[in-house]
Amino acid sequence: MKSILIKDTTREERERIVQQALWGACGADCEFCSGCDNLGGGRIEGIYQPYIDGEKEIREINEAYRAPFVR
């Protein structure tokens, strides 16, 4: 399995990683979907944009998103 760390991927690969992961998670295309927004997470472009831009790893984003729900 290829690494998904920022240092090992290009921006285009990170965009594809996010799209493929979300497709597998809910089974729907993210285009024109507001599912994550309805759950309080905001538009998916906003949630994972720091990863796509190479600023934060997916792990960091997921931890921050889950933090309010985990005791």
Side-chain angles (χ1 to χ4, degrees):
M1 183 172 158
K2 186 179 187 298
S3 171
I4 62 169
L5 295 175
I6 291 169
K7 68 181 180 84
D8 298 328
T9 56
T10 65
R11 179 184 179 86
E12 291 77 21
E13 288 173 320
R14 291 190 296 272
E15 288 174 343
R16 192 170 41 255
I17 289 165
V18 169
Q19 289 174 347
Q20 289 174 346
L22 294 172
W23 176 266
C26 70
D29 188 357
C30 291
E31 190 170 354
F32 305 115
C33 175
S34 62
C36 294
D37 194 32
N38 291 337
L39 295 173
R43 294 287 303 159
I44 205 61
E45 298 85 11
I47 296 169
Y48 288 103
Q49 196 62 49
Y51 172 68
I52 293 169
D53 292 341
E55 299 166 358
K56 287 185 177 181
E57 296 291 352
I58 287 178
R59 175 188 49 79
E60 296 172 292
I61 295 169
N62 289 341
E63 286 173 356
Y65 182 78
R66 277 193 314 261
F69 306 107
V70 178
R71 292 181 188 222

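We number each residue from 1, following the sequence as shown. Nothing here was measured: the structure is a model prediction, and the numbers come from that model.
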E15 side-chain N/O to I52 backbone N/O, donor-acceptor pair under 3.5 Å: no
Residues D53, R11: salt bridge by 4.0 Å N-O rule: yes
With I17 via side-chain contact (heavy atoms from CB on, under 4.5 Å) - residues at least two apart: I4, T9, Y51, I58
For the student: nearest non-hydrogen atoms of I6 and G54, plus distance: CD1-C, 3.6 Å
E57 versus L5, closest heavy-atom pair with distance: OE1-CA, 3.4 Å
Value rounded to 0.5 Å, distance of CD in Q49 from NZ in K56: 12.5 Å
Test item: E13 and K2 side chains (from C-beta on) under 4.5 Å apart, heavy atoms: yes
Carboxylate-amine/guanidinium proximity below 4.0 Å for R59 and E63: yes
